[in-house]
Amino acid sequence: MLEGKKDAQSVTPDGRRVTKLIAGVSVRQAITHEDERGELCEIYDPAWGVLDAPLVYVYQTSIRPGRVKGWVFHKLQTDRLFVSMGFLKIVLFDMREDSSTKGMINEIHLSERNRGLVVIPTNVAHAVQNVGDTEAMFVNMPTRPYNHADPDKYRIPMESGRFPYSFDRGLGW
C-alpha cells in the first residue's frame, strides 16, 4: 500500500482561497489587460472600496532573488502592497493582543502572473520573500507619509524565534 499525506483543499473551484485571512487583511486580485501592444494593470481604483484612507505616499521596492525583507511592523500606518513584477511570498503574523486572529500566520503568493493588492493593518508583522529567479518589485501605498526623522517602522530580527515561521521551512516549524 502506498503511503503519503493527502493535500488539503486550498482554493475553491472558482479560485478563491479557503484559508482564513488575518483580521483586517485583504487581498484584491488584479486584472491585467493585454493586447499586441503590451499590458495594462490597474493598481488602485477608489471604486473598489478596498482602501479606507486616501493615497498620501507611494513608493516602489525591489527584492533580489532569494532575499527576504522583514520582519517589520508599524504602529501608526497600514501598508498597502501591490505586487507588479517577479514572484513574491508575503508572510503575515498577527501580533495584536485584542485581535480575533492573534498569533495567526498568512502566506500570500503574488506575482507578475497573479498580481494583487494586499492591505496589512497596524501591528501585523510582515516579511516579503522573492521566490523567483529574477528581481521582484512591489509598490507600497501606506496610509501615512514616511517620516524620515521618526520612522514608524519596527524591525524584528529574522533569527529572533518570535514567530512560528521559517523562510527555509515554511509554516509551523
Side-chain angles (χ1 to χ4, degrees), residues 5-55 57-74 77-95 101 104-122 124-143 158 163-173:
K5 183 179 177 191
K6 185 178 183 322
D7 278 354
Q9 181 182 7
S10 61
V11 296
T12 63
D14 65 351
R16 297 178 196 268
R17 66 186 290 139
V18 296
T19 56
K20 182 178 176 181
L21 286 174
I22 291 170
V25 171
S26 67
V27 179
R28 185 191 187 282
Q29 299 301 133
I31 297 172
T32 299
H33 304 278
E34 57 182 294
D35 62 24
E36 66 280 356
R37 300 168 297 165
E39 297 179 346
L40 179 139
C41 182
E42 294 177 344
I43 294 175
Y44 168 69
D45 183 336
W48 299 339
V50 297
L51 304 185
D52 60 359
L55 290 179
Y57 186 72
V58 179
Y59 64 90
Q60 179 173 278
T61 298
S62 72
I63 304 177
R64 293 192 173 95
R67 304 299 287 195
V68 179
K69 288 192 175 192
W71 294 97
V72 299
F73 69 97
H74 309 285
Q77 79 182 39
T78 294
D79 274 347
R80 304 176 295 193
L81 309 181
F82 182 85
V83 175
S84 58
M85 293 184 66
F87 295 82
L88 294 176
K89 175 169 57 172
I90 302 166
V91 182
L92 311 173
F93 180 81
D94 192 350
M95 303 188 318
T101 55
M104 181 181 279
I105 292 175
N106 286 153
E107 280 184 338
I108 299 167
H109 293 83
L110 293 173
S111 72
E112 60 198 45
R113 295 186 187 139
N114 179 37
R115 294 180 177 122
L117 175 64
V118 180
V119 177
I120 306 170
T122 58
V124 172
H126 47 288
V128 181
Q129 181 180 27
N130 182 341
V131 295
D133 55 9
T134 61
E135 189 170 36
M137 295 185 159
F138 67 88
V139 173
N140 191 5
M141 302 167 279
T143 55
M158 287 291 186
F163 308 119
Y165 189 89
S166 167
F167 282 90
D168 294 331
R169 295 174 287 221
L171 290 170
W173 53 270

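Heads up: numbering here begins at 1 and tracks the sequence. Keep in mind that the numbers below use all heavy atoms, side chains included, and drop hydrogens, waters and symmetry copies.
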So, does Ser111 use its side chain to make a donor-acceptor pair with the main chain of Asn114 at under 3.5 Å? yes
For the side chain of Thr122 and the backbone of His74, is there at least one donor-acceptor N/O pair under 3.5 Å apart? no
Please check this pair: side chain of Arg80 against backbone of Asn140, looking for a donor-acceptor N/O pair closer than 3.5 Å. no
Find out whether Thr32 and Leu40 are in side-chain contact, i.e. whether some heavy atom of one side chain is under 4.5 Å from a heavy atom of the other. no
Before giving the answer on side chain to side chain contact (heavy atoms under 4.5 Å, CB included), spell out for Val91 and Tyr165 the whole-Å C-alpha distance, their side-chain angles and the decisive distance to 0.1 Å. CA-CA 9 Å; Val91 182; Tyr165 189 89; 3.6 Å; yes
Flag the pair Phe138 / Phe82 as yes when at least one side-chain heavy-atom distance between them is below 4.5 Å, and no otherwise. no
Candidate pair Leu110 and Lys89, rule side chain to side chain contact (heavy atoms under 4.5 Å, CB included), full reasoning: CA-CA 7 Å; Leu110 293 173; Lys89 175 169 57 172; over 6 Å; no
With a 6.0 Å cut-off (strictly less than), is the heavy-atom count around CE of Met85, excluding the residue itself, greater than 12? no
Measure the shortest side-chain to side-chain distance between Leu55 and Tyr44 over non-hydrogen atoms and say whether it is less than 4.5 angstrom. yes
Quick one: closest heavy-atom pair of Met158 and Ala127, and the distance? CE-CB, 4.1 Å
Are side-chain N/O atoms of Asp79 and His126 paired as donor and acceptor at under 3.5 Å? yes
Atom pair CD (Gln60) and OG (Ser84), whose distance is rounded to the nearest 0.5 Å: 5.5 Å
Got a donor-acceptor contact below 3.5 angstrom from the Asp35 side chain to the Glu39 backbone? no
Do you know the tightest heavy-atom contact between Cys41 and Ala30? SG-CB, 3.7 Å
Minimum heavy-atom separation for Pro65 and Gly132, please, with both atom names. CB-O, 3.6 Å
Can you confirm whether Phe87 sits close enough to Arg113 that some side-chain heavy atom of one is under 4.5 Å from a side-chain heavy atom of the other? yes
Taking all non-hydrogen atoms of both residues into account, name the closest pair between Ala53 and Thr143 and its distance. CB-CG2, 3.8 Å
Under the criterion side chain to side chain contact (heavy atoms under 4.5 Å, CB included), I'd like the reasoning laid out for Val139 against Val58: C-alpha separation, chi angles, the key distance, then a yes or no. CA-CA 7 Å; Val139 173; Val58 179; 3.5 Å; yes
How many angstroms lie between CD in Gln129 and CZ in Arg67, if you round to the nearest 0.5 Å? 10.5 Å
Test item: Val25 and Val119 side chains (from C-beta on) under 4.5 Å apart, heavy atoms: no
Output the distance between atom OG1 (Thr19) and atom CD (Gln9), rounded to the nearest 0.5 Å. 10.5 Å
We want to know whether Glu135 and Ser62 form a side-chain donor-acceptor pair, criterion being a heavy-atom distance below 3.5 angstrom. yes
Please confirm whether Phe93 and Trp71 have ring centers closer than 6.0 angstrom. no
Between Pro164 and Ile105, which heavy-atom pair has the shortest distance, and what is it? O-CD1, 3.4 Å
Does any part of the side chain of Thr61, heavy atoms only, come nearer than 4.5 Å to the side chain of Met137, both counted from C-beta? no
Interatomic spacing from CG in Asp94 to OG1 in Thr101 - rounded to 0.5 Å: 3.5 Å
Contact check, side chains of Leu92 and Ile120, non-hydrogen atoms, under 4.5 Å: yes
Going by distance alone, is a donor N or O of one side chain under 3.5 Å from an acceptor N or O of the other, for Tyr57 and Gln77? no
Going by heavy atoms in the side chains, are Met141 and Ile43 under 4.5 Å from each other? yes
Passes side chain to side chain contact (heavy atoms under 4.5 Å, CB included), Leu117 versus Leu81? Steps please. CA-CA 5 Å; Leu117 175 64; Leu81 309 181; 5.8 Å; no
Glu42 and Arg115 ion-paired at < 4.0 Å: no
